[in-house]
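Remarks on the structure that follows.
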Amino acid sequence: MSARIPPVLRPEHPTPRAVAELANAFGLRVVGSVDSLETTGVTLSATEVQPGDLFVGVHGANRHGAQFATEAAERGAVAVLTDQDGVALVEPSGLPVLVVDDPRAALGDVAAWVYRTHPDEATDLPQLFAVTGTNGKTSTSYILEGILKQLGLVTGLSSTAERHIGSLSVTSRLTTPEASEMHALLARMRESEVRAVAVEVSAQALSRHRVDGIVFDVAAFTNLSHDHLDDYADMEEYYQAKLPLFQPEHARRGVVSLDTDWGHRVVQDSRIPVTTITVHPDVEAEWHVDIVEAHAAYTEFRLTGPEGRELTTRVPLIGWHMAANAALAIVMLVEGGFELGAIAHALESNHRRYADEDDTTDRDGEPNRVSAIECYLPGRTERVSGEHGPSVYVDFGHSADAFENTLAAVRQFTAGRVLMLFGADGDRDTTKRGDMARVAAAGSDILVVTDHHPRFEDAASIRKTLVDAARAAYPDHEIHEVSPPEAAIRTAVSLLGEGDSILWAGPGHQDYRDIQGVRTPYSARDEARAALREAGWEPNSGPAEDVR
């Protein structure tokens, strides 16, 4: 059985646009007749064509998308946008062709034209916030959406985990959708009267034109660390892939974290106005973040900025890095025109779940008012265990830097031992595997290595690389190699008891494993809860308990 591929969210009431006008607007050469033809959507996938669509055929890794024009025609496509190589491939379909040198590079602007979402044409788009960086994109985006909801706005979200349109939620396919999907999503959000949107923007999204045709009101940079060197030659090329987000073509203003040296580079190379933020007291920045209290249920921090502005609040997540993400989200809103005082007022309410037993009420017996951000991050240091037994956290982190920060956060609230359970992606950046294993061993008392998404690689070979790297760095460390992950989590639970913790890094929110190109249904959260139950411990019941 294969896991269901999530749907693409499109406007429910699209406005038809003349294909001839599209050709004229972009100076496209036309093969065939487009007279009287109208289009209502754009897609790269022939299997997802809807009647009235413009099908876009691009060069793929193994095949040219134009080969599927006949299938697109059968499903109701009215025309094909492709390059010169694709023209002959389209001919058997009988569809007219719009010819462009690079259809992928043109896709963003074309989709924006079809869906009327280009900033030069649309005056009713929601406010757009973008977050990029190696780690923290998802967390910052969810926190940002949470604050926007507390401010009373109808919100949208596009993240690695989910797409949100108000109360509607679907699982994501890519961190950042293809340009055709992104503009369809924005058009659907506009229909739903969404007023502000948080968008994760990956380096690949910028390199592959997925956010072309969009100008974000505020863009933020979290950090940069070793990752994605399967797509980029080195860290410099990876950095250069991020940089376009901080140019006028993609954003109006920026917020840059100086917690890594790469942030200073972004400030230097940006061509838009930027403000800076840091958790480091010895680093000069406009905004500073200080940790006030680290609690097992929340992290309280103080944000101070220009002109004596200050806000103290709590985020229901553990670790200084989560406080840094929350502070970054707040400064993004300030740069987007929200008053810090209004944000502070929106965050203040009767949050008993954040209060200690001795401060739930004031001297008059009234509930204390606590400033706190309300948000739920699926699969980000998500606790799936109950009140008794080992604490079990499921996390999406899959880089050495993410491991280090999350392990430190878990360690802070663990009286006993910390066990790290993880695997590595197959057919992805192999250069980071050794660092991941070494950091995982350094931050844990016990290490369990298992499988993640092997894809077309040999799972045993991936595990061996991880185990060898960990043992070479820490010969005396307790290391277990267990496959498959269903058995690994049960082994992990069996090794621990009350007061201990397990951090299962990698799968997070995902509901499948990629094995030989097949999405096999799978949930780390469900497996962890089942393992706890089988061991005699009662896990929690799900998200509602994870944030309260």
To check you understand the geometry: which heavy-atom pair defines the closest contact between [X] and [Y], and what is its length?
X	Y	answer
Val197	Leu157	CG1-N, 4.2 Å
Val439	Leu407	O-CD1, 3.8 Å
Gly57	Val80	N-CG1, 4.4 Å
Ala440	Phe422	CB-CE2, 3.8 Å
Met332	Ala220	SD-CB, 3.4 Å
Thr132	Val201	OG1-O, 2.7 Å

Inset, instruction - Report the C-alpha separation of His398 and Phe403 in whole Å, then their side-chain angles, then the decisive distance to 0.1 Å, and conclude whether the ring pair (Phe, Tyr, Trp, His ring centres under 6.0 Å) test is met. - result: CA-CA 7 Å; His398 47 273; Phe403 284 6; 8.6 Å; no
Inset, instruction - Apply the test side chain to side chain donor-acceptor pair (under 3.5 Å) to residues Thr138 and Glu200: give CA-CA distance (whole Å), side-chain angles for both, the deciding distance (0.1 Å), then the verdict. - result: CA-CA 7 Å; Thr138 301; Glu200 271 191 66; 2.5 Å; yes
Side chain of [X], backbone of [Y]: donor and acceptor closer than 3.5 Å?
X	Y	answer
Gln67	Arg63	no
Thr299	Ala294	no
Glu300	Arg314	no
Tyr232	Gln204	yes

Legend entry - Positive for side chain to side chain contact (heavy atoms under 4.5 Å, CB included) with Arg302, one of Leu311, Asp290, Ile291, Thr313: Asp290
Side-chain contact test, heavy atoms from C-beta onward, threshold under 4.5 Å: evaluate it for [X] versus [Y] and give yes or no.
X	Y	answer
His453	Asp427	no
Val331	Thr275	yes
Arg463	Asp451	yes
Ile330	Leu340	yes
His477	Ser444	yes
His64	Asp85	yes
Leu229	Met235	yes
Leu22	Leu54	yes

In plain terms, say whether [X] and [Y] are close enough for a salt bridge, that is, a side-chain N and a carboxylate O under 4.0 Å apart.
X	Y	value
Arg208	Glu178	no
Arg265	Glu236	yes
Glu481	Arg471	no
Asp514	Arg519	no
Asp425	Arg455	yes

Legend entry - Worked check of ring pair (Phe, Tyr, Trp, His ring centres under 6.0 Å) between Tyr142 and Tyr376: CA-CA 7 Å; Tyr142 271 88; Tyr376 163 61; 7.4 Å; no
Legend entry - Spatial distance of atom OG (Ser158) from atom CE (Met182) [nearest 0.5 Å]: 4.5 Å
Inset, instruction - Working to the nearest 0.5 Å, report the span between CG of Leu328 and OG of Ser139. - result: 11.0 Å
Inset, instruction - May I have the step-by-step check of side chain to side chain contact (heavy atoms under 4.5 Å, CB included) for Leu185 and Ile165, ending in yes or no? - result: CA-CA 8 Å; Leu185 182 66; Ile165 301 177; 3.8 Å; yes
Inset, instruction - May I have the step-by-step check of side chain to side chain contact (heavy atoms under 4.5 Å, CB included) for Val58 and Thr82, ending in yes or no? - result: CA-CA 6 Å; Val58 302; Thr82 191; over 6 Å; no
Inset, instruction - Would you check, one step at a time, whether the test side chain to side chain contact (heavy atoms under 4.5 Å, CB included) holds for His264 with Val283? - result: CA-CA 11 Å; His264 296 272; Val283 173; 4.2 Å; yes
For [X], look at atom [atom1] and say whether over 12 heavy atoms of other residues, nucleotides or ligands are found less than 6.0 Å away.
X	atom1	answer
Asp261	CG	no
Asp458	CG	yes
Asp282	CG	yes

Legend entry - Derivation of the side chain to side chain contact (heavy atoms under 4.5 Å, CB included) call for Phe26 and Trp113: CA-CA 10 Å; Phe26 291 92; Trp113 187 91; 3.8 Å; yes
Inset, instruction - Kindly indicate, with the supporting measurements, whether the criterion side chain to side chain donor-acceptor pair (under 3.5 Å) is fulfilled by Asp259 and Asn223. - result: CA-CA 7 Å; Asp259 293 341; Asn223 51 59; over 6 Å; no
Legend entry - Derivation and outcome, ring pair (Phe, Tyr, Trp, His ring centres under 6.0 Å), residues Phe216 and His250: CA-CA 6 Å; Phe216 294 96; His250 283 302; 7.5 Å; no
Inset, instruction - Verify side chain to side chain donor-acceptor pair (under 3.5 Å) between Thr47 and Ser45, making sure each step is shown before the conclusion. - result: CA-CA 5 Å; Thr47 61; Ser45 173; 2.8 Å; yes
Inset, instruction - Specify whether Phe338 and Phe129 have parallel, tilted or perpendicular ring planes, treating 30° as the upper limit for parallel and 60° as the lower limit for perpendicular. - result: tilted
Legend entry - Validation row, ring centre His509 to ring centre Phe396 under 6.0 Å: yes
Inset, instruction - Tell me, please, which residues at least two apart from Tyr393 pass side-chain hydrogen bond (donor to acceptor under 3.5 Å, both in side chains). - result: none
Inset, instruction - Would you tell me whether Ser172 and Arg163 have side-chain atoms, one donor and one acceptor, within less than 3.5 Å of each other? - result: yes
Inset, instruction - Show the numbers, then the answer: is there a side chain to side chain donor-acceptor pair (under 3.5 Å) between Thr155 and Glu145? - result: CA-CA 7 Å; Thr155 62; Glu145 186 193 33; 3.3 Å; yes
